[in-house]
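Here's the structure we're looking at; comments come further down.
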Amino acid sequence: MGREEKDNVLELAIRRGFIYPSYEIYGGVSGFFDYGPLGAILKNKIENKWREIFCIREGFYEISSPTIAPEEVFIASGHVENFIDPLVFCTNCKESYRADHLIEEILKIDTKGMTFEEMNKYIEKIQCKKCGGKLSKINTFNLMFKTYIGPLNARKGYLRPETAQNIFIMFNRLYEFCRKKLPFGIVQIGKSYRNEISPRQGLIRLREFTQAELELFINPRERKFERFKRYENEPLYLIDNNGNEYKISAREAVEKGLFINEAFAYCIVLTKIFLKEIGIDENRIRFRQHSKEELAHYAKDAWDCEVYTRRYGWIEVAGIAYRGDYDLKMHEKYSGKEMKALILYDKPKIIKREVLEPKLSEIGKTFKKRAKIILEKLKEEKLIEEFKRNKKVEIEINGEKIILDEKFIELKVVEERIVGEKITPHVVEPSFGIDRIIYCLLDNSYKEINGRIVLSLKPEIAPISVAVFPLVDKEELNNIALKIYEELRNNKIYAIYDEKDSIGKRYYKADEIGIPFAITVDFDTLKDNTVTIRFRDTKEQIRISINEVVNKIKELLNIS
RNA sequence: GCGACCGUAGUCUAGCCUGGUAGGACGCUGGCCUUCCAAGCCAGAGGCCCGGGUUCAAAUCCCGGCGGUCGCACCA
C-alpha cells in the first residue's frame, strides 16, 4: 500500500494551486482546506458532471437548503442522541475506549438502547485493558457543531452533519412537486459539518466538506425499479459483510439477494458510473457492505463505495444507505405532520358495509348534551348485530342506560371507495464525499513518466482545457497566440497563455496540472496560418488551420 | 483524545547534538538566450510555526500552544 512513501499527489495539489490548508497564517486549523484557483474549477466541473448524470440524465431535481438548522431537526433525526461517541479513558494511563464497545467485548452484554448511566454501571466493573487502571465515567462528545440562532434567548441550532435532512423535512412539498408519484428522487449538493476528533490525511477527513446526495423515495413493496433495466448488466466488484468477494453484474447481485431491491442496485450502479465518467479507473472501484456494527443509526443496510489510492489503499468515497422509513417516520413523530405517500390500487376497492345511521335531529332534541357521546358509541360494530335482532340497541353512558330504537337510528348499507393506501416511502440514499472524490481522482490521474509528471485528467474534467504558446518569445508569434487565446476564452473554454521559458518547460508545466491540449504557434504559422495541437498523454501533435482551432478543441472536449 | 516522531522561503532541504540571528536546489519576478518537449546565462524578491522561559546572545536548549505524519481509538 506504500504507506511510507510521501504523498506526491497532495504535494502537487498544494504546490500547483488545487488546494491549500486553511487559515495558514494563523497556524492552520486541522480538518479544513481551501480550494485554490485550479481546485475550485475542478470541483465545479466534478459537481456539474454529477448534476449532468443525476439531474439531467436521471431526471432528479436539485434543491439547495440552509446549512444551519434548529435543534429540533436533529433531535428528530436522532443525531443529537446518536451522533456521539461515549468515550471513557483510563485514569492511570490515559488510554481511551468506546464505552459501548468495551462493555460488549469484555462483559458480552448488548448495549443497544442502553443509557449512558446504565453503561456507567457496567464500566465500573471493567479495568483498563492495557494497565488494569480505573476507568473514568463516560464523556460524551457530539460530533455536530453547535450554534445559536438569533440574539438573546436564541434558539439552539446545529450545522448540519449531512445534507439529507433538509430533503426529508421538505418531503410533503417535494412529493407535491413531483406530482405525488413514487418513485421520485431529490438531490442536493452542499456543505456539511462534522467536528471530527482527529481529522487527518488531507482531504480524506474534513470538518467541513461537500456532499452530493440523492434521496430516492420508493414504494417499499416494489422490488422492481423501472430505470434499473438499462444498467443491470454493469459489472460490479462487491464484498459482502461476510467478506465474500463477487465480480458479477448488478442483475446477478440482485438475484443473489445481495441488494435489498432494484432501486438500491440502481443507486450502486449510478455511483460507479459517475466515478467512471469523471475518470476513475473502474478496476479501482469496489463496493463493500457495512457490518452490523458499522451501520448508522438510521440505516438498515449500507454499502460503501471505495476507490483504490496509492497512498491510503481503499478509501470510502460514497455510501449507499438503505434508510428505509426511518427519517420520515421520525420527522412525522416529532413534527406531528403526516409524511406519507398514497399508493393507488389498480382499481378502487369498493367495500359494502352496514352502519347504524343516527337520525341527528331526533337524537339532538332528546339527548341534548349527551348526543355527542352517543354518536361516538354508535360506531361500535357489535351494535349492528344487536339492532338487527332487537330493532333497538342499549348503550351505557356514565352508568346511565339509554335505549335507542328506530326512532333514533336506522340500519343502512353504505359503499366505500378506497382508492389506495397511505404508506411511508422508503429511502435509498447514495451520498458522495466530493472532496474525497477529488483526492482520489488526482491520485488516479497522477503519473510519473520518465521524471515527467502528468495529471491525466479527462479533457472535460481538467480545470484548464487548453494552453496556448508561442514557440519562442517573439512578438509576431505572441500576437497570434494571444488572439487564439482570446478566441478560446470567448468560446467559454478555460485557457492559459504563456510565453516564458523554453517550449519544453511550458509543456512540462502544463502536463503537471493536467492541461490536455496545447496549441503552439510556430514559424510555419506565419507562412500558412496553421498551428499545432499537442496532446498531453501521447505528446503527439497535429497541425491544423487557425480557423479550425476553436471547433477542433470543442470537438476534443466533447462540447457542441 | 493518548503515544511516538516531526515543523527552516511556494517546494525540497543544509545548519540544531557542540547557542553567536541562515546556505543550496527547484520554483517565482525582470532581463538575455532559445525554431517543439522542464532543469543555458545575469539580476532580484522570498524563510527559521506561534508564545513564554534560560542566556550577554536562541533556528539551535527547556516549557506550552498550533500544525503535520504514523500507531491506538474514532470515522453515521
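Chain identifiers are assigned alphabetically (A, B, ...) following the order of the sequence lines, protein sequences preceding nucleic acid strands; residue numbering begins at 1 within each chain.
- Across B:G47 and B:G10, the matching C1' atoms stand 11 Å from one another, rounded to whole Å.
- Aromatic pair A:F469/A:Y497: centroids not less than 6.0 angstrom apart.
- The base of B:C66 does not come close enough to the side chain of A:Y26 for any donor and acceptor atom to sit less than 3.5 Å apart.
- On the C1' atoms, B:C74 is 39 Å away from B:A14, given to the nearest whole Å.
- B:U29 and B:C50 have their C1' atoms separated by 30 Å, with the value rounded to a whole Å.
- Pair assignment for B:C16: none, as no Watson-Crick or G-U wobble contacts are both less than 3.5 Å.
- The residue among A:H290 and A:G27 whose nearest nucleotide of RNA chain B lies closer to the 5′ end is A:G27.
- A donor-acceptor contact under 3.5 Å is not formed by the side chain of A:R534 with the base of B:C36.
- Atom name C1', nucleotides B:C63 and B:U21: the rounded distance is 22 Å, in whole Å.
- At the phosphate of B:A38, neither OP1 nor OP2 sits under 4.0 Å from any side-chain N or O atom of A:S502.
- Figure legend. B:C66 is base-paired to B:G7; pairs are counted as Watson-Crick or G-U wobble with both atom distances under 3.5 Å.
- Relative orientation of the A:Y23 and A:F32 rings is perpendicular, given thresholds of 30° and 60° on the angle between their planes.
- Between the C1' atoms of B:C12 and B:G46, the separation comes to 16 Å (whole Å).
- In this structure, A:K509 reaches the B:C28 phosphate: one of its side-chain N or O atoms is under 4.0 Å from OP1 or OP2.
- Of the candidate nucleotides B:C37, B:U35, B:G67, B:U35 has the atom lying nearest to any side-chain atom of A:L471.
- Set against B:U34, B:C36, B:C37, the side chain of A:D522 has B:C36 as its closest nucleotide.
- For A:T532, no side-chain nitrogen or oxygen approaches OP1 or OP2 of B:C36 to under 4.0 Å.
- B:U60 and B:G15 have their C1' atoms separated by 9 Å, given to the nearest Å.
- A donor atom on one side chain and an acceptor atom on the other are found under 3.5 Å apart for A:D528 and A:T530.
- A donor atom on one side chain and an acceptor atom on the other are found under 3.5 Å apart for A:T163 and A:E213.
- Across all strands shown, B:G46 forms no Watson-Crick or G-U wobble pair with both key distances under 3.5 Å.
- Nearest heavy-atom pair across A:P66 and A:N166 is O-ND2, 3.6 Å.
- Side-chain proximity of A:I503 to B:G27, B:G67, B:C36: nearest is B:C36.
- In terms of phosphate contacts, A:R311 brings a side-chain nitrogen or oxygen within less than 4.0 Å of OP1 or OP2 of B:C70.
- Under 4.0 angstrom from either OP1 or OP2 of B:U29 there lies no side-chain N or O belonging to A:K500.
- Here B:A38 is the nucleotide among B:C37, B:C36, B:A38 with the atom lying nearest to any side-chain atom of A:Y508.
- Only the C1' atoms considered, B:U13 is 13 Å distant from B:A22, to the nearest whole Å.
- At whole-Å resolution of the value, CG in A:D498 and C1' in B:G27 are 13 Å apart.
- As rounded to the nearest Å, B:A4 and B:C62 have P atoms that lie 15 Å from one another.
- Picking from B:C70, B:C75, B:G10 the nucleotide with the shortest atom distance to the side chain of A:E196 gives B:C75.
- A donor-acceptor contact under 3.5 Å is formed by the side chain of A:R205 with the base of B:C74.
- The pairing partner recorded for B:C41 is B:G31, the criterion being a Watson-Crick or G-U wobble arrangement whose two distances lie under 3.5 angstrom.
- Base pairing analysis places B:A73 opposite nothing; no Watson-Crick or G-U wobble pair with both distances below 3.5 Å involves it.
- Residue-to-nucleotide proximity on RNA chain B shows that, of A:N450 and A:I14, the 5′-proximal contact is made by A:I14.
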